[in-house]
Student: 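Below are the structure tokens for one structure; questions will follow.
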Amino acid sequence: MVSIRSLGCALAALVACSPAARAPKPNVDPIREAPSQVVLPSDSATSKAGDQHGPVLSPARAFAQGLMPLDATGVNEFRRLYPNADGHGVLIAILDSGVDPTVLGLQKTPAGDRKILDLRDFSGEGRVRLSKIVPRGDTARVGGKALIGFGRVRVLNTSGPYYGGLLLERPLGEPPAADINGNGTNADSLPIVVTRATDGWVMFADTDGDGSLTNEEPIHDYLVAKETFGWHTGAHPSPIGVAANLSDSAGVPSLDLVFDNSGHGTHVAGIASAHGLYGVEGFEGVAPGAQLLGLKIANDANGGISVTGSMLGALDYALRFAQGRNLSLVVNLSFGIGNEQEGTARIDRLIDSVLEVHPDVVFVTSAGNDGPGLSTIGLPASAHRVITVGASEPGVFAAIEPGAP
């Protein structure tokens, strides 16, 4: 299996706190080489298997028991040496399975600034195929599903055009990870309507499953409005937070939904930069002052894999985003596969070439799940210009009591 290790992101955030981390150099060339289709699977299935049993401990108990082992990773010692270095002014790009924007602890920095600056899907998992729909009176049909309350959409656009599409749960994998609306099955087809408002493209979803859009709110692109939503069943809360990526090509919209249905990227983001995790005061990640980019590269619909193109697209976006905002950039890629002759894989060479042009960017990746032994560092951990980190298991984890409150 591939490594997606927490220590990797912890070190990434630790480096982010360092005074040596500086803003990227301006006026650098983007990544130009066309992506290949090298498949890099993740171990997100492991995360999903654990999620089926729910949390082992309550957040308060986890904090009290020391399950954010900052001492073991040297973070608390670093903070004693540099008390003002909490990661502020640093952007940590999490290239992973996505980041859930609704998790308490990923909302604000200690200074009150927004924690997550953008969420983008480079995996294709959340792509919703849209086609034109023609409402009849107050009803529209999307993929054979009738939606009433279309007047809610017409408030923003009286004449159209209108587009509709379905998010299909079944291709996303097995429940509970693929049960996006929390109704106990992964067989749902969730209808979505898209139209152009005066301030850009918006989408509507029947989030409560009542077949009506009357009580639904328009959702803009996350970068534009920082809006999120989630499907739910009855009085139960949404099991997963969702953001929208809405773009335009020759007047026709495209829609990608961004969500973390394995939980791994959210886990990594929490270790790297959480502040007040799950509402528990003092439950912090390594660099609580840092801000986050959640860049989804793992496609659970294809078994939790990524491809070279997804990784390069996300990396290019992170570089441009940080440069445009004069933020120091740390890239965390807790992702990889197998082994190959070290430093010779195409993705290794590409990452090294990018980092040669961007020497101020810190790129941290996990060492892999193979080994111990020679030639067990997989790709892209064997790139020359990255910081490759192996995992450790602090003794505090051995004392966990399953089911404790």
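When a residue number appears, it is its place in the shown sequence, counting from 1.
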Student: Has Arg129 got more than 12 heavy atoms of other residues, nucleotides or ligands less than 6.0 Å from its CZ?
Tutor: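 It does not: Arg129 CZ has 12 such atoms or fewer within range.
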Student: Do side-chain atoms of Asn299 reach the backbone of Ile305 as a donor and acceptor pair under 3.5 angstrom?
Tutor: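 Checking the backbone N and O of Ile305 against the side chain of Asn299, no donor-acceptor pair under 3.5 Å is found.
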Student: Can you find a pair of side-chain heavy atoms, one from Ile351 and one from Phe363, that are under 4.5 Å apart?
Tutor: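 The answer is yes; the side chains approach within 4.5 Å.
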Student: Ignoring hydrogens and angles, tell me if any N or O in the side chain of Asp121 forms a donor-acceptor pair with the backbone of Gly126 under 3.5 Å.
Tutor: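 Yes: the side chain of Asp121 pairs with the backbone of Gly126.
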Student: In the structure I gave you, are the side-chain heavy atoms of Val258 and Val242 within less than 4.5 Å of one another anywhere?
Tutor: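 Not in contact.
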Student: Within 45° of the axis and under 6.0 Å from the centre of the six-membered ring of Tyr317, does NZ or CZ of Arg320 qualify?
Tutor: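 The answer is no, since Arg320 fails at least one limit relative to Tyr317.
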Student: For a 4.5 angstrom cut-off between non-hydrogen side-chain atoms, does Ser334 reach Thr365?
Tutor: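 Ser334 vs Thr365: side chains apart.
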Student: Got a second to check how far Asp113's CG is from Lys115's NZ, nearest 0.5 Å?
Tutor: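 Here the rounded value is 9.5 Å.
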Student: Do Leu255 and Arg127 come close enough that some side-chain heavy atom pair is under 4.5 Å?
Tutor: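 Answer no - side chains too far apart.
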Student: Measuring from Leu213:CG to Asp206:CG, what's the distance to the nearest 0.5 Å?
Tutor: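 Rounded to the nearest 0.5 Å, the CG-CG separation comes out at 6.0 Å.
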Student: Are Ile192 and Met203 close enough that some pair of their side-chain heavy atoms sits under 4.5 Å apart?
Tutor: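 Sidechains of Met203 and Ile192: in contact.
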Student: On a heavy-atom basis, which atom in Ser123 and which in Ser310 lie closest, and how many Å separate them?
Tutor: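 Heavy atoms of Ser123 and Ser310 come nearest at CA-OG, 4.0 Å.
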Student: State, without any angle test, whether Asp71 and Asn76 hold a side-chain donor-acceptor pair at a distance under 3.5 Å.
Tutor: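 Present: a donor and an acceptor within the cut-off.
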Student: Start with the C-alpha gap between Leu172 and Glu125, add the side-chain angles, then the distance that decides, and say whether side chain to side chain contact (heavy atoms under 4.5 Å, CB included) holds.
Tutor: CA-CA 8 Å; Leu172 302 180; Glu125 182 178 31; 3.7 Å; yes
Student: Please give me the minimum heavy-atom distance between Ser273 and Leu292, naming the atom from each residue.
Tutor: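 In this case the closest contact between Ser273 and Leu292 is CB-CD2, 3.8 Å.
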Student: Donor-acceptor check, side chain of Asp210 to backbone of Ser212, threshold 3.5 angstrom: yes or no?
Tutor: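 Side chain of Asp210 to backbone of Ser212, a donor-acceptor pair under 3.5 Å: yes, one is there.
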Student: Check the side chains of Asn183 and Thr185 for a donor-acceptor pair under 3.5 angstrom, ignoring hydrogens and angles.
Tutor: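 Checked: Thr185/Asn183 side chains show no N/O donor-acceptor pair below 3.5 Å.
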Student: Take atom NZ of Lys108 as the centre, draw a 6.0 Å sphere, and report whether it contains more than 12 heavy atoms from other residues, nucleotides or ligands.
Tutor: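 Count over threshold, so yes.
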Student: Could you tell me how the ring of Tyr82 sits relative to the ring of Phe78: parallel (under 30°), tilted (30 to 60°) or perpendicular (over 60°)?
Tutor: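 If you compare the ring of Tyr82 with that of Phe78, the planes turn out tilted.
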Student: We want to know whether Glu216 and Thr207 form a side-chain donor-acceptor pair, criterion being a heavy-atom distance below 3.5 angstrom.
Tutor: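 A pair is found: one side chain offers a donor N or O, the other an acceptor, under 3.5 Å apart.
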Student: If you take all heavy atoms of Leu130 and Pro253, which pair is closest and at what distance?
Tutor: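 Closest approach of Leu130 to Pro253: CD1-O, 3.8 Å.
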Student: Examine distances only and state if a side-chain atom of Arg114 and a backbone atom of Leu117 form a donor-acceptor pair shorter than 3.5 Å.
Tutor: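 Between the backbone of Leu117 and the side chain of Arg114 there is no qualifying donor-acceptor contact (under 3.5 Å).
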Student: So which pairs with a foot in residues 238-254 pass side chain to side chain donor-acceptor pair (under 3.5 Å), sequence neighbours left out?
Tutor: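 Checked against side chain to side chain donor-acceptor pair (under 3.5 Å) - neighbours excluded - the pairs reaching residues 238-254 are Arg196-Asp248, Trp201-Asp248, Ser247-Ser254.
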Student: Do Phe229 and Leu257 come within less than 4.5 Å of each other through their side chains, counting heavy atoms only?
Tutor: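 SC-SC contact between Phe229 and Leu257 confirmed.
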Student: Please answer whether the main-chain N or O of Thr233 pairs with a side-chain N or O of Asp208 as donor and acceptor at a distance below 3.5 Å.
Tutor: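 No; zero donor-acceptor contacts below 3.5 Å.
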Student: Looking at Glu284 and Gly276, would you say the former's side chain and the latter's main chain have a donor-acceptor pair under 3.5 Å?
Tutor: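 Yes; at least one donor-acceptor contact below 3.5 Å.
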Student: Hey, does the side chain of His275 reach the backbone of Leu277 with a donor-acceptor pair shorter than 3.5 angstrom?
Tutor: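 Looks like no, no N/O pair under 3.5 Å.
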Student: Output the distance between atom CG (Asn157) and atom OG1 (Thr195), rounded to the nearest 0.5 Å.
Tutor: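 Asn157 atom CG to Thr195 atom OG1 measures 3.5 Å (nearest 0.5 Å).
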Student: Decide yes or no for Met311 and Leu333: does some side-chain heavy atom of the first lie under 4.5 Å from some side-chain heavy atom of the second?
Tutor: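 The answer is yes; the side chains approach within 4.5 Å.
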Student: Using only heavy-atom distances, determine whether the side chains of Asp100 and Thr102 contain a donor-acceptor pair under 3.5 Å.
Tutor: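 Side-chain D/A pair, Asp100 to Thr102: present.
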Student: Where do Gly164 and Ile133 come nearest, in terms of heavy atoms and distance?
Tutor: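 Where Gly164 meets Ile133 most closely, the heavy atoms are N-CG2, 3.8 Å.
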Student: One pair to check against side chain to side chain contact (heavy atoms under 4.5 Å, CB included): Val286 and Leu70. What are the steps and the verdict?
Tutor: CA-CA 7 Å; Val286 177; Leu70 302 186; 4.0 Å; yes
Student: Does the side chain of Asn181 come within less than 4.5 Å of His232's, by heavy atoms?
Tutor: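 No, every pair of side-chain atoms sits at 4.5 Å or beyond.
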Student: When you measure from the side chain of Thr139 to the backbone of Pro135, do you find a donor-acceptor pair of N or O atoms at a distance under 3.5 Å?
Tutor: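 No: the side chain of Thr139 does not pair with the backbone of Pro135.
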Student: Which atom pair, heavy atoms only, marks the closest approach of Pro110 to Asp86?
Tutor: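 What the structure gives for the nearest pair is CG-OD2, 4.1 Å.
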Student: Rounded to the nearest 0.5 Å, how far does CG of Asp256 lie from CZ of Phe122?
Tutor: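 The distance works out to 9.5 Å.
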Student: Ignoring hydrogens and geometry, is there a side-chain-to-backbone donor-acceptor pair from Asn332 to Ile94 under 3.5 Å?
Tutor: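 Here the side-chain-to-backbone pair does not exist.
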Student: In Å, rounded to the nearest 0.5 Å, how long is the span from CD of Glu227 to CD of Glu217?
Tutor: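 It is 8.5 Å, given to the nearest 0.5 Å.
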Student: Leu91 and Phe321: side chain to side chain contact (heavy atoms under 4.5 Å, CB included), yes or no, with the steps?
Tutor: CA-CA 9 Å; Leu91 181 67; Phe321 194 99; 3.7 Å; yes
Student: Kindly say whether Gly265 contributes a backbone atom to a donor-acceptor pair with the side chain of Ser97 at under 3.5 angstrom?
Tutor: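 Checking the backbone N and O of Gly265 against the side chain of Ser97, a donor-acceptor pair under 3.5 Å is found.
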Student: Between Val386 and Ala383, which heavy-atom pair has the shortest distance, and what is it?
Tutor: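 It is CG2-O, 3.5 Å.
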Student: In sequence, state the C-alpha distance, the side-chain angles, and the governing distance for Ile92 and Leu293, and then conclude on side chain to side chain contact (heavy atoms under 4.5 Å, CB included).
Tutor: CA-CA 6 Å; Ile92 303 178; Leu293 276 182; over 6 Å; no
Student: Between atom OG1 of Thr109 and atom NE2 of His88, what is the distance when rounded to the nearest 0.5 Å?
Tutor: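 Rounded to the nearest 0.5 Å, the OG1-NE2 separation comes out at 10.0 Å.
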Student: Under a 4.0 Å threshold between the charged nitrogen and the carboxylate oxygen, would Asp118 count as salt-bridged to Arg120?
Tutor: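 Between Asp118 and Arg120 there is a salt bridge, with a charged N closer than 4.0 Å to a carboxylate O.
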Student: Are Phe63 and Tyr278, when compared by the centres of their aromatic rings, separated by less than 6.0 Å?
Tutor: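 Ring-ring flag for Phe63/Tyr278: false, centres at least 6.0 Å apart.
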